Amino acid sequence: MNKNLLKKLSIHSAREGIGHQREMRALVSRRWDGRRVETAAGADVHFPSKGQARAVIVVCAFPSLELIDSSIYEGPCTFPYIPGLLSFREIPPLVEAWKGLKKQPDLVLCDGHGIAHPRGLGLASHLGLLLEIPTIGCAKSPLYGTFELPSPEKGSRSPIRDRNGLTIGTVLRSRDGTRPLYVSVGHMIDLRRAVNTVLASTPRFRIPEPLRAAHRLAGS
DNA sequence: GCGACAG
DNA sequence: ATCTTGTCGC
């Protein structure tokens, strides 16, 4: 875990958070280090009540997707939800939950965007840099970038581009006839592998199995 | 200035 | 995210 970045989690204004994001974006890696994927985690945060957060991280065997470990942390949450600054609200509790895992997973699927973000540093990228582990951004709705909707069949996709026309993510149909997922590189992974991992994690439902399990344990 | 806006 | 029952559709 990167201790320097850990300190930058506590901000006191949106302006400060934006400054940290612009500084951290250059640290994101889009390269896979060659590791074998035997476990894939899912991270999600719920808010049972005002000012209270419940973070959940589950670890599944890959590609069988069998649940093999999970960790839950519940505590106070002060930072509000601000589009573009989601990580400052959800990462603190996720880091606490992370400490409760028996073994570190090979990668983490996140409920939010990676580099498909206004400043190239969505929650998935921020979490990856902090934990120094491969992460994938898997959001249920768009935040930044332009794109066309892919055809209705599972597997169909279309690129998400930034203002310069550069590809920053993929709108992916994970299941036939369902709303697409917005997949992007978090950290230490390439878009091709991120998309394939999401497809391998959605054999039955639209949401990747690790994220569904985390969402379920969070109680909702 | 106006509209958009992950969870 | 959260407030919330039944209901339409595969």
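Chain letters run A, B, ... following the sequence lines, proteins first and then strands; every chain starts at 1. Treat the numbers as computed from the prediction; the structure is a model and nothing was measured.
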Using whole Å, what does the distance between atom C1' of nucleotide B/dA6 and atom CZ of A/R89 come to?
12 Å
Aromatic plane relationship, A/F88 with A/H20 - under 30° parallel, 30 to 60° tilted, over 60° perpendicular:
tilted
Within the structure, does a side-chain N or O atom of A/K140 lie under 4.0 Å from either OP1 or OP2 of C/dA1?
yes
Donor-acceptor pair, A/H113 side chain versus A/S141 backbone, under 3.5 Å?
yes
For A/R89 and A/F79, indicate whether the former's side chain and the latter's backbone hold a donor-acceptor pair under 3.5 Å.
yes
According to a cutoff of under 5.5 Å between the ring centres and under 30° between the ring planes, does A/Y81 stack with the base of C/dA1?
no
Assess whether a salt bridge exists between A/R30 and A/D190, defined as any Lys/Arg side-chain N lying under 4.0 Å from an Asp/Glu carboxylate O.
no
Give one of base, sugar-phosphate or nothing for A/I91, where a contact means two heavy atoms less than 4.0 Å apart.
nothing
Does A/G84 reach a base, just sugar-phosphate, or nothing at all? Heavy atoms under 4.0 Å.
base
Over how many whole Å does the gap from A/I82 atom CD1 to B/dA4 atom C1' extend?
15 Å
Atom CG of A/D44 and atom C1' of C/dA1 are separated, to the nearest Å, by 10 Å
Here the gap from A/L107 atom CG to A/T135 atom OG1, rounded to the nearest 0.5 Å, amounts to 9.0 Å
Pull out every stem in DNA chain B, meaning runs of 3 or more consecutive Watson-Crick or G-U wobble pairs with both distances under 3.5 Å.
none
Is the NZ or CZ atom of A/R212 positioned over A/F205's six-membered ring, under 6.0 angstrom from the centre and within 45° of the axis?
yes
Would you mind classifying the nucleic acid contact of A/P118 as base, sugar-phosphate or nothing, using non-hydrogen atoms under 4.0 angstrom?
nothing
Atom-pair distance (CG on A/L211; P on B/dA6), nearest Å
17 Å
Does the A/D176 side chain pair with the main chain of A/E153, one donor and one acceptor, at a distance under 3.5 Å?
no
Send over the distance from A/I18 CD1 to B/dC5 C1', rounded to a whole Å.
13 Å
With the side chain of A/A139 defined as its heavy atoms from C-beta on, choose the nearest nucleotide among B/dG7, B/dC5, C/dA1.
B/dG7
Decide whether A/M188 and A/V37 are clustered together by the hydrophobic rule: side chain heavy atoms of Ile, Leu, Val, Met, Phe, Trp, Tyr closer than 4.5 Å, transitively.
no
Runs of at least three Watson-Crick or G-U pairs with DNA chain C, cut-off 3.5 Å:
none
Could you tell me how far apart A/L86 (CG) and B/dG7 (C1') are, to the nearest whole angstrom?
5 Å
Ion pair A/D33/A/R35, N-O distance below 4.0 Å:
yes
A/E90 side chain vs A/G112 backbone, donor-acceptor pair below 3.5 Å:
no
State whether A/S87 places a side-chain N or O below 4.0 Å from either non-bridging phosphate oxygen (OP1 or OP2) of B/dA6.
no
Please confirm whether the shortest side-chain N or O distance from A/H46 to OP1 or OP2 of C/dT2 is below 4.0 Å.
yes
To the nearest Å, how far apart are A/Y144 OH and B/dG3 P?
21 Å
Expressed in angstrom and rounded to an integer, what is the separation of A/L85 atom CG from B/dC5 atom C1'?
11 Å
